[in-house]
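This report refers to the structure that appears directly beneath it.
Every heavy atom of this structure was used, including side-chain atoms; hydrogens, water molecules and symmetry mates were not. Reminder, nothing fancy here: chain letters follow the sequence lines and each chain counts from 1.
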There are 2 protein chains.
Amino acid sequence: MSDHAVMPGHLARRFQQIAVAIFHAEVEAAGFDLTPVQYVALAVLRHHPGIDQATLAGLIAYDRTTIGGVIDRLVQKGLIVRAVSPRDRRAHVLHLAEAGLATLEGIQPAVEAAQREMVAGLDAAETVEFIRLFRKAIAAANERSRAPMKPAP
Amino acid sequence: MSDHAVMPGHLARRFQQIAVAIFHAEVEAAGFDLTPVQYVALAVLRHHPGIDQATLAGLIAYDRTTIGGVIDRLVQKGLIVRAVSPRDRRAHVLHLAEAGLATLEGIQPAVEAAQREMVAGLDAAETVEFIRLFRKAIAAANERSRAPMKPAP
DNA sequence: TACTGATTATCAGCATACTGTCAATTAGCG
DNA sequence: CGCTAATTGACAGTATGCTGATAATCAGTA
C-alpha cells in the first residue's frame with residue numbers, strides 16, 4: 001500500500017479525472033455545455049422539484065458552499081429557477097426551467113455513453129462488481145466527508 | 001445506468017471526495033499539512049530525483065498546468081528544490097529538500113492509515129478486487145484525459 | 001546553417017471543492 | 001412569549017484541475 005499506483009486515494013483521483021474528461025468529451029460532441037456536477041443537479045431536481053439548496057446538496061453529497069456556485073451558473077444559463085421559499089425565508093427553492101428539462105432529455109444519451117466508456121476496460125460482470133464495491137465503500141464512509149449524503153426529508 | 005446512484009461518474013466523484021476528506025483528517029491528526037496531490041508529488045520525486053516538471057506530471061497523470069501550482073506551494077514550504085536544467089534551459093529539474101524527505105517519512109503511517117480507511121467498508125478480498133478493477137478501468141482509458149500517465153523516459 | 005515543428009513552462013480564465021465565518025431566520029424549549 | 005440553538009445561504013480564502021494561449025527553447029530537417 002506504499003506504492004501510489006495501488007493506493008485507493010490515487011486511483012480515485014485518476015479515475016475521477018478520466019471520468020470528467022470522458023463526460024466533457026461526450027457532452028460536447030452532443031452539442032451541450034454542461035459539467036458533470038451541473039448534470040447531476042439537474043437530474044435530481046427533476047425528480048425532486050421544489051427542494052431547497054441544502055436538500056439538493058444532501059441528496060448528492062455536495063458541500064453547501066459549492067452548490068451555491070453551481071446553482072448560480074445553472075440559473076445564469078436559464079436551466080433552473082431559484083426563488084425564496086414562502087415557508088422559510090432563509091431557504092431558496094429550486095425548479096427546473098423548461099430549457100433545463102429539454103437539456104436533460106437531450107443530453108441523456110451522451111451521459112449514458114460516457115458512463116459506459118468510463119468502464120470500457122471492464123467486462124459486464126466486472127462492471128457490476130466495480131459498481132457494487134464502489135457503493136459499498138462509499139456507504140461505509142459516508143459520514144467521513146463534510147458533505148455526507150442525506151435522503152430527502 | 002440512468003440513476004445517478006449507480007453511475008460510475010457519480011460514484012467516482014463521491015469516492016474521491018471521501019478519499020480526500022479522510023486523507024486530510026489523518027494527515028492533520030498526525031501533525032502535518034499536506035494535500036493528497038502534494039504527497040504523491042513528493043513520493044514520486046523521492047524515487048525519481050532530478051526529473052523535470054513534465055516528467056513528474058506524466059508519472060502521476062497530472063496536467064502540466066496544474067503541477068506548476070502544486071510545485072510552487074511545495075517550494076514555498078521548503079519541501080522541494082526547483083532549478084533550471086543545465087541540459088535544457090526550458091526545463092526545471094526537481095529535488096526533494098531535506099525537509100521534504102523528513103515530511104515524507106513522518107507522514108507515511110498517516111497516509112497508509114488513510115488508504116485503509118477509504119476501503120474500510122470492504123473486506124480484504126473485496127479490497128484487492130476493487131483495486132484491480134480500478135487499475136484495469138484506468139489503464140484502458142488512460143489516453144482519454146488531457147494528462148495521461150506516462151512512464152519515465 | 002536556417003527553418004519548421006515540437007516541447008517546456010507559464011498565464012488568464014473558468015469550475016469544482018474545501019475551510020472558517022457571518023447575517024438572517026427559524027425551531028425548540030423553558 | 002422570549003431566549004438559545006440550529007439551520008440556510010452567503011462570503012473570503014485556498015487548492016485542485018481543466019481550456020486555450022504564449023514566450024522561450026530545443027530538435028530534426030532541408
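Regarding B:I71, its CD1 atom lies at a distance of 12 Å from the C1' atom of C:dT8, rounded to whole Å. When the C1' atom of C:dA27 is taken as reference, atom CZ of A:R87 falls 15 Å away, rounded to whole Å. Rounding to whole angstrom units, CG of residue A:D72 and P of C:dA17 are separated by 16 Å.
For the segment residues 42-53 of chain B, residues with any heavy atom less than 4.0 angstrom from an atom of DNA chain C are, sorted by number, B:D52, B:Q53. Applying a 4.0 Å cut-off to non-hydrogen atoms, the residues of residues 9-34 of chain B that approach DNA chain C are B:R13, B:Q17, listed by residue number.
If you find the closest nucleotide of DNA chain D to A:R64 and to B:D88, the one lying nearer the 5' end belongs to A:R64. Residue A:K77 is the one, among A:K77 and A:Y62, whose nearest nucleotide of DNA chain C lies closer to the 5' end (criterion: closest heavy atom). Taking for each of A:T55 and B:P86 the nucleotide of DNA chain D with the nearest heavy atom, the 5'-most of the two is the partner of A:T55.
Within a 6.0 Å sphere centred on CG of A:D72, heavy atoms belonging to other residues, nucleotides or ligands number more than 12.
Summarising the geometry, atom CZ belonging to B:R73 is positioned 7.5 Å from atom OG1 belonging to B:T35; distances are rounded to the nearest 0.5 Å. Note that CD1 of A:I107 is 10.5 Å distant from CD of A:E26, once rounded to the nearest 0.5 Å. Atoms CG and NE2, on B:L96 and B:H47 in that order, are 9.5 Å from each other to the nearest 0.5 Å. Summarising the geometry, atom CZ belonging to A:R116 is positioned 10.5 Å from atom CE belonging to B:M7; distances are rounded to the nearest 0.5 Å. Here the straight-line distance linking atom NE2 of A:H48 with atom CG of A:L94 works out to 12.5 Å at 0.5 Å rounding. Summarising the geometry, atom CG belonging to A:L79 is positioned 12.0 Å from atom CD belonging to A:E98; distances are rounded to the nearest 0.5 Å.
Listed by chain and residue number, B:E105 satisfy the salt bridge (Lys or Arg N to Asp or Glu O under 4.0 Å) test with B:R46 (two or more places apart in sequence, or in another chain). B:F130 meets the ring pair (Phe, Tyr, Trp, His ring centres under 6.0 Å) test with A:F130, A:F134, B:F15, B:F134; sequence neighbours excluded.
Counting only distance, with no hydrogens or angles, the side chain of B:T66 and the backbone of B:Y62 share no donor-acceptor pair below 3.5 Å. The main-chain N or O of A:L34 is never found under 3.5 Å from a side-chain atom of A:K77 such that the two would form a donor-acceptor pair.
Heavy atoms of B:S145 sit nowhere under 4.0 angstrom from any nucleic acid atom. Among the atoms of the strands shown, only primed sugar atoms or phosphate atoms (P, OP1, OP2) are found under 4.0 Å from some heavy atom of B:R89.
Taking a heavy-atom distance under 4.0 Å as the criterion, the stretch of DNA chain D touched by chain B extends 5' to 3' from D:dA15 to D:dC26.
None of A:L133, A:I138, A:I131 except one satisfies the side chain to side chain contact (heavy atoms under 4.5 Å, CB included) rule with A:R135; the exception is A:I131.
Classified by interplanar angle (parallel below 30°, tilted 30° to 60°, perpendicular above 60°), the ring pair B:H4/B:H10 is perpendicular.
One finds no salt bridge joining B:R90 and B:D52 here, because no Lys/Arg side-chain nitrogen approaches an Asp/Glu carboxylate oxygen to under 4.0 Å.
The phosphate of C:dT16 (OP1 or OP2) has a side-chain N or O of A:R73 nearer than 4.0 angstrom. Contact annotation: B:R82 reaches the phosphate of C:dT10 (side-chain N/O to OP1 or OP2, under 4.0 Å). Dashed line: the shortest gap from a side-chain N or O of A:T66 to OP1 or OP2 of C:dA15 is not under 4.0 Å.
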Given protein heavy atoms under 4.0 Å, the one-letter contact record of nucleotides 1-6 of chain C, with B base, S sugar-phosphate only and - none, is simply -----B

